[in-house]
Structure formats: structure tokens, C-alpha cells
There are 2 protein chains.
Amino acid sequence: MKKTIFVFGMLILALLLLFQLSKYAVISGDFQVEYIMAIIAVIFLLIGLFINKRAQKSSPAPKQEIDFKKIEELGLSKREYEVLKEIALGLSNQEIAEKLFVSESTIKTHVSNLLVKLDAKRRTQAIQVSKSLNII
Amino acid sequence: MKKTIFVFGMLILALLLLFQLSKYAVISGDFQVEYIMAIIAVIFLLIGLFINKRAQKSSPAPKQEIDFKKIEELGLSKREYEVLKEIALGLSNQEIAEKLFVSESTIKTHVSNLLVKLDAKRRTQAIQVSKSLNII
DNA sequence: AGTAAAATAGTACTTTAGTATGAGCCTCCT
DNA sequence: AGGAGGCTCATACTAAAGTACTATTTTACT
């Protein structure tokens, strides 16, 4: 934060200096107005590019939004979707059952239904499909 | 592409117009030089920001680089890594065997070694671990 | 040429996963 | 009240996945 304030302070200072300089140059007729304008234009274009570049780096948000519409479209029930997320975390049916406080057979039923709805043959494939559809 | 050329053409035209206008204004003394400078500065700052914004959109590369160092660190062999990638694609041992032209027992051996090296109990967990380590 | 690591493959088992089916219990909606 | 859909659970299977060896063959490197 302190760094940012410093940078902007310097920027404003430089800007003012440039203004004064250009004013003097114009009055004394050493330079044509166009040159100064062009220099300012280029400088600020670069500053604009630079600022955005930094903003881009500071927000490494490659977050993939979850496609809730797709979930509905596939007809996944709330419970099935919960199970799906646990599968993606690498849990076994037994572990999922304990985590959700139900029996393993219940989980098996959910998984079986999930595989049909996701058109997958195995839970690993279900993970792959889900990721490609952005539902997990 | 044609669109880009058009936009840049218009930009250059606008720039020249602005130059002429500002020159006239300065000479006739209607405006202070500072104002024109400031306007140009702001406009080009915005243009810089805009260009970068577009570039950012056109390159939706949230690609997660593969951490090859980590792969070595884990001691994964070339073949094991190949198998790992197929697992992540959701293939069964039998399918992987056919794809890589080896027997299923060979794949089982590889998978078993993989699970130890990745500290996973199941292939689904191996997928999760691999993704979190950015090795797939 | 010798060797260590990697790749291959097999057997024999145990453990998970997944399927098929039936059934009881809720909740929401008409 | 009746029905549909969702959640639960069980039984009985079949099919994969995973483990623990042992053992041969390739590769890569000194």
C-alpha cells in the first residue's frame, strides 16, 4: 500500500513537472505543441497499460464459476450433488457415508444414479465430466 | 482483424484532429495548455486501460502450469505419470492398458506405485492430490 | 560390460465400486 | 387424498480396483 501511494505521488509530480516544462517550451517556442502532446499521449498510454497489467497480476482469479443451470439440466438432486462433491475430493463410499451420516448403501444408490445422469461408467469419469461441465 | 484496423484508424484520426484542435486553441488563447494536456493524458490513460482489458479478455488463459519439479520430487517415472494422466481422464485400468499397449497387471502395478508416491488411498484421491499439486 | 532403475507381467487375494431390485418414509403439489 | 420425486436402506450379485509378492526384460548410464 505504501508503495502504491509513493508511486502515485511520483506520478503526479512527474505530471506537474511535464506540464510546466511543456508550457515553458511552448511559450519559448523551442518545441512544437504536437510533439509534447504526442509524448504525453504515449506516456499515458503506457501508464494505462502498466496499471492494468499490475491489476491483472494482483488478481489471479482463474475461478471457474459453477454452472448451476447445468446441474438442474442434468436433474441432479441436492443429495446427489453433495455426494458428487465428496467423490471429487477422493473419498470412498464408506467415508462419504460417515461424513453425511447415512449408510453406505445409500451412497451407493446415489452414486449409481449419478453415473447414469452424468453418463459416466466410473466415479473417476464422473469427476472428469463434472469438471468439464463446470459443475464442481 | 478488419475491426481492429478500423478502430485503430479511427483512433489515429481522432488523435490528429485533437492535435489540430489543441494547436488552434492554444494559439487563439481560448484554453490553457494545461487543460488540453490533462485531457489528452486522461484520454490516453483510458485508451491504455481499454486496450489491455480487451487483450485480457481475448486471452482467456487461466491455464495452470504443470509443476514438473514436483513430479520429479515425488519420484514419478515417465510411465507412471502417463498412467496418472489417463486415470484423471476417467479411464479404467483395462482401458489404460489397451491405450498404452500393455497388460492390465502392468497398469495395476503402476497405479499401486502411484498411490504410494502420491500418498493416496484411491485413484480418485490421487486425482485430487495431483490437481492440488498442479502436476496434471 | 556391469548395474541400477524402470517397465513389464503374472498369480492369488482382499477390498471397493457399481448394478439391480424392492421397499419404507417424507415432502410437496394438485 | 393420491401421486411423484427424493432420500433412505437392505440384499445379493458382478465387476473393478488395489495389494503383495515374485520374476523377467529393457533402458540408461558409468
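Chain A is the first sequence line, chain B the second, and so forth, proteins listed ahead of strands; every chain is numbered from 1.
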Check the distance between [N]'s [atom2] and [X]'s [atom1] and give it to me in whole angstrom.
X      : N      : atom1 : atom2 : result
A:I107 : D:dG6  : CD1   : P     : 17 Å
A:E80  : D:dG6  : CD    : P     : 7 Å
B:R79  : D:dT25 : CZ    : C1'   : 14 Å
A:K78  : C:dT27 : NZ    : C1'   : 12 Å
B:Y81  : C:dA5  : OH    : P     : 23 Å

> Looking only at side-chain N and O atoms, does A:H110 come under 4.0 Å of OP1 or OP2 in D:dC7?
Replying inline: no

>> Protein within reach of the bases, or only the backbone? For nucleotides 9-21 of chain D, mark each nucleotide 5' to 3' as B, S or -, using heavy atoms under 4.0 Å.
In response: BB------BBB--

> Given A:T106 and A:S103, is the side-chain hydrogen bond (donor to acceptor under 3.5 Å, both in side chains) satisfied, shown in steps?
Replying inline: CA-CA 5 Å; A:T106 303; A:S103 79; 3.1 Å; yes

> Are the side chain of A:Q125 and the backbone of A:K121 linked by a donor-acceptor contact shorter than 3.5 Å?
Replying inline: yes

> Is there a donor-acceptor pair under 3.5 Å between the side chain of B:K70 and the backbone N or O of B:N134?
Replying inline: no

>> For A:K69 and A:E72: C-alpha separation, side-chain torsions, deciding distance, then whether salt bridge (Lys or Arg N to Asp or Glu O under 4.0 Å) applies.
In response: CA-CA 5 Å; A:K69 287 177 193 169; A:E72 268 193 70; over 6 Å; no

> Under 4.5 Å between any side-chain heavy atoms of B:V129 and B:D119, yes or no?
Replying inline: no

> Testing A:T109, A:I107, A:N113 for side chain to side chain contact (heavy atoms under 4.5 Å, CB included) with A:V111, which one passes?
Replying inline: A:I107

